[in-house]
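Before any comments, here is the structure.
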Amino acid sequence: MVGGFEVGAVPFNPDGWGPPDATVTPTTTSTLPLNVPFAPFSRSEKLGRIADFTRNLNQGQGGPGGRKNAASDSVFDFTADDSFPSAADNDSSFRLVDGKPPPRPKFGPKWRFNQHNRPQLPQRRDEEVEAKKREAEKERARRDRHYNQNRSNQNQPRREAAVFKSSVEIQPEWNMRDQIPFSTFTKLSFSVPEPEDLILCGGLEFYDKSFDRITPKAERRLERFKNRNFFKVTTTDDPVIRRLANEDKATVFATDNILATLMCATRSVYSWDIVVQRVGNKLFFDKRDGSQLDLLSVHETSQEPLPEAKDDINSAYSLSVEAAYINQNFSQQVLFRDGNKVAFDEPNPFANEGEEVASVAYKYRRWKLDDDMHLVARCEVQSVVEVNKQRSFLTLNALNEFDPKYSGVDWRQKLETQRGAVLATELKNNANKLAKWTAQALLASADMMKLGYVSRVHPRDHFNHVILAVVGYKPKDFASQINLNTSNMWGIVKSIVDLCMKLNEGKYVLVKDPSKPQVRIYEVPADAFENDYVEEPLPEEEQAQPPEENAENAEANGVTNDVEDKEIDAQA
């Protein structure tokens, strides 16, 4: 038989816990050594200690409040017990080595290098990565603070902080015929052959090359040309286009401004509208009187919203009027006004006899869109320069700085040393406007496009300006620099023309949605936009203008020289 498990004799202690005071007799079957007290292996741990839960914990603790000062492990404290006389002296002088909490690691290069006594190779790559991460976090936090200070509604995306209005009020009786998202425009492509010039009108003055040497330290004051008339005549009001339409020279008619708006539609943020008239087999693209197309957008594609109050000098409307006023004056100041002009076949078709007109030439050009479809557009150039006895045509436009805190770049400090950075900022904030200027220069086959940098004398003075620099670019090179694809431009125009040609005869309006990247086509009554020069009533300040200015504006009859008058009246 297998032997059973025998339990040794366990003495009974009637007086308390643990073994009795009597020592173990030799007859006991215990394997423990005799007369050897038990001691733990490590004094910092409680392993093997006997716990006496019947001990009076208040003894020697200084009265009722002594319990608060008692150690949490007093039931394991046997320093006052004479059971272990040899360990009493050692326990009284014993201190835990790890009594303090372990130090928190200080992450970083210093901690990494000092955590060991032995030398360690520096982790340079890790340092650089960590430093870049910290800098990126700081920059992101700074941008977030700046963004939260400027936006009005924190739940809206950044660019939607300002609520944009439609350029034309959509009437309930209008019938929407189609809706085209911008995503379909980006995939279009169409190639057109070189255009032919049908008629050239007007006269050009020569460009003054001394303006190319202007610097911020040698700035020039922007002059005002109130006696020169500027014309922004729409397509169907152009007598030359009417004559070409009667002669069946083409089936589609437009202006360079309207075509450029269509070509660069995917870059636009603000709402715009174009009137489309289908008459017989012909198609006319028009703009309304007082349309936004006559003005120039400012900071349209910027991430920082402009003030919404219309009477603020930095609102979108006020800056558009100011930009149009600056462009008109700049285009005339950089010329030799000595009476020497280059005249073309026909005079300015919009000028009355004897009145002084701005330097401009109109080129009526025809493009072939299809075997039985041609497009005629009126294109403009503003100046001419003679190099090596060869004449080159120029377009003149001006970028305007109104407040450096909106763009983040101070032109007076950066134009001389970092002109590329200034242009890059303008391409970011005014992508649509620069693309339209480039498209108009390409349509007119201009040899050079001159861009002027015009700034306010003071950020709060929107009447006085200075020219800081003038830079010239070749339109094709500049188009490739701003990623403007000519085939895509004409693909957009061709698709809209084909769409409108399928419509019935009548009047339509093409409206860019103010909040979504898409355009809609509405069928409107035949008498729409006939009598409303301005869609919304003028503010009281503009209504209370002097009688002589009213008469002057009334005599204009299509002449938009009143841009400066609007600017002055707005501050009356």
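Both backbone and side-chain heavy atoms feed into the values below; hydrogens, waters and symmetry mates do not.
- Atom OH of Y522 and atom CG of D178 lie 11.5 Å apart (nearest 0.5 Å).
- Residues R412 and E219 have side chains in contact (heavy-atom distance under 4.5 Å, counting atoms from C-beta outward).
- Formation of a donor-acceptor pair under 3.5 Å by the K433 side chain with backbone atoms of S297 is found in this model.
- Checked options E401, H465, E322; the residue passing with R456 is E322 (criterion: side-chain hydrogen bond (donor to acceptor under 3.5 Å, both in side chains)).
- Contact between S383 and L335 at its shortest, heavy atoms only, is OG-CD2, 3.2 Å.
- Checked against a 6.0 Å centroid threshold, the rings of F402 and H299 count as neighbours.
- Under a 4.0 Å N-O distance rule, the pair K494/D498 qualifies as a salt bridge.
- When only modelled atom types and interatomic distance are considered, R365 and S445 share a side-chain donor-acceptor pair under 3.5 Å.
- Residues satisfying the side-chain hydrogen bond (donor to acceptor under 3.5 Å, both in side chains) criterion with W272, sequence neighbours excluded, are S268.
- In this structure, the side chain of S315 engages the main chain of D312 through a donor-acceptor pair within 3.5 Å.
- Taking K209 as the reference, Y207, D212, V385, V387 meet the side-chain contact (heavy atoms from CB on, under 4.5 Å) condition, with sequence neighbours excluded.
- The salt bridge (charged side-chain N to carboxylate O under 4.0 Å, His left out) test applied to E139 returns R142, R143, not counting sequence neighbours.
- At least one cation-pi condition fails for K450 and F211: the charged atom is not both under 6.0 angstrom from the six-membered ring centre and inside a 45 degree cone around its axis.
- For the side chain to side chain contact (heavy atoms under 4.5 Å, CB included) test with V511, the passing option among D273, V519, I274 is D273; the others fail.
- Residue pairs satisfying the ring-ring contact (aromatic ring centres under 6.0 Å, His included) criterion with at least one member in residues 478-498, sequence neighbours excluded, are listed as follows: W367-W490, Y473-F478.
- For R220, the side-chain hydrogen bond (donor to acceptor under 3.5 Å, both in side chains) partners are S210, not counting sequence neighbours.
- When side chains are defined from C-beta on, K512 counts as touching F182, because their heavy atoms get closer than 4.5 Å.
- For residues 466-490, there are no salt bridge (charged side-chain N to carboxylate O under 4.0 Å, His left out) pairs, not counting sequence neighbours.
- The shortest distance between side-chain heavy atoms of L296 and N400 does not fall below 4.5 Å.
- Of the N and O atoms on the side chains of Q333 and N329, not one donor lies less than 3.5 Å from an acceptor on the other residue.
- Between the N327 side chain and the A398 main chain, a donor and an acceptor come within less than 3.5 Å of each other.
- Here the side chains of M489 and L484 are in contact, with some heavy-atom distance below 4.5 Å.
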